[in-house]
Amino acid sequence: MANSEILGIGNLKASFDKAKADTPRLARRAVVAGGRVLKDEAKAIARANGSVRTGVMVENIAIKRESKAGPGIEQYHLGVRHGRDQSKKVRKAGNRKLAVNADGRIKSVRDNDPFYWRWVELGHKTVSRRSNTKRGKRSIRQRRAQSSGWVNGKPFIGPALERKKTEAIAAMGQAVAKEVDKLGRK
């Protein structure tokens with residue numbers, strides 16, 4: 001009988017262990033690469049839709065890592081930063097003003113906060129402004145009940161996914177290949 005001996009099993013096992021340790025980083029880089037493709041397309045669609053009055057909404061289209069995703073899961077969201085979700089840098093860049101709320105309370109308002117992005121993306125109902133009637137002011141509930149108009153949305157996130165999903169998957173594959181090459185060189 002012939003005896004066969006396999007050499008290098010220890011090195012192979014060490015390489016697999018090293019690759020296993022770098023898996024989260026590899027997954028993050030792959031998902032971010034695909035997200036960048038979708039983010040760029042969403043910005044292009046938003047500009048083409050005519051949603052660039054001030055440019056704030058387009059500037060705040062971003063991908064954000066989900067911190068509460070389960071173990072072994074890399075999850076990112078494509079959306080528009082707004083409100084408290086904006087980074088400190090973005091919040092400091094905008095001018096703060098004090099404004100009076102509908103309730104009469106004073107609140108701080110930033111001019112670079114695209115709070116309205118969902119209305120642009122999904123559309124919204126038109127509600128008449130406050131009006132004084134003989135019996136007093138109509139409540140918001142009454143005004144909403146009487147509204148009949150609807151403004152159609154100008155979606156930019158959904159169409160970006162539909163148009164560029166194959167390019168996003170290809171970018172993810174390229175990122176994985178690049179990371180695997182880096183691991184192979186180490």
Side-chain angles (χ1 to χ4, degrees), residues 30-70 73-133 135-172:
V31 175
V32 167
R36 280 192 193 123
V37 171
L38 297 176
K39 179 182 80 167
D40 293 341
E41 182 65 13
K43 284 184 175 188
I45 291 171
R47 284 187 193 105
N49 280 348
S51 300
V52 190
R53 196 169 278 182
T54 61
V56 173
M57 185 179 72
V58 174
E59 288 172 14
N60 283 297
I61 295 174
I63 53 174
K64 181 181 175 186
R65 184 170 178 250
E66 176 60 53
S67 59
K68 296 176 184 167
I73 297 172
E74 290 303 324
Q75 181 177 350
Y76 283 75
H77 299 282
L78 173 64
V80 180
R81 290 184 298 239
H82 64 284
R84 290 186 177 167
D85 288 342
Q86 287 182 313
S87 65
K88 288 181 183 176
K89 181 180 175 184
V90 172
R91 279 185 268 163
K92 285 181 182 177
N95 297 323
R96 279 181 53 186
K97 295 183 263 182
L98 295 178
V100 178
N101 222 353
D103 302 335
R105 295 182 181 184
I106 297 174
K107 69 175 194 172
S108 174
V109 178
R110 289 188 306 279
D111 63 352
N112 65 344
D113 183 11
F115 61 90
Y116 52 86
W117 78 273
R118 282 192 183 96
W119 299 333
V120 174
E121 173 78 12
L122 305 172
H124 60 92
K125 203 184 230 188
T126 56
V127 178
S128 64
R129 294 182 179 249
R130 270 194 188 175
S131 63
N132 294 329
T133 59
R135 297 162 73 202
K137 295 181 179 179
R138 293 187 310 166
S139 70
I140 185 71
R141 194 172 287 157
Q142 290 170 336
R143 289 184 284 137
R144 282 184 184 151
Q146 291 175 350
S147 71
S148 60
W150 179 262
V151 177
N152 291 328
K154 296 178 183 177
F156 51 93
I157 293 176
L161 176 62
E162 290 301 317
R163 288 183 191 174
K164 294 288 185 173
K165 60 185 163 189
T166 55
E167 286 89 343
I169 292 169
M172 291 170 73

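Since the structure is predicted, the reported quantities are computational estimates derived from the model, not experimental observations.
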Calculate, to the nearest 0.5 Å, the distance between atoms [atom1] and [atom2] belonging to [X] and [Y] respectively.
X: W119; Y: M57; atom1: CH2; atom2: CE; result: 12.5 Å
X: E66; Y: Y76; atom1: CD; atom2: OH; result: 11.0 Å
X: F115; Y: N60; atom1: CZ; atom2: CG; result: 12.5 Å
X: I169; Y: K164; atom1: CD1; atom2: NZ; result: 13.5 Å
X: L38; Y: I63; atom1: CG; atom2: CD1; result: 8.5 Å

Can you name the nearest heavy-atom pair linking [X] to [Y], along with the distance?
X: A62; Y: K39; result: CA-CD, 3.9 Å
X: V80; Y: P114; result: CG1-CG, 3.6 Å
X: A160; Y: I45; result: N-CD1, 3.6 Å

Quick one, W117 and I61 - any side-chain contact, counting heavy atoms below 4.5 Å? no
Electrostatic pair R65-E74, nearest N-O below 4.0 angstrom: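 A salt bridge links R65 with E74.
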Could you go step by step and tell me if V58 and F156 meet the side-chain contact (heavy atoms from CB on, under 4.5 Å) rule? CA-CA 10 Å; V58 174; F156 51 93; over 6 Å; no
Side-chain donor/acceptor of E121 to backbone N/O of I157, under 3.5 Å: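 Looks like yes, one N/O pair under 3.5 Å.
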Consider salt bridge (Lys or Arg N to Asp or Glu O under 4.0 Å). Of R47, R163, K165, which one does E41 pass it with?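 The single option meeting the salt bridge (Lys or Arg N to Asp or Glu O under 4.0 Å) with E41 is R163.
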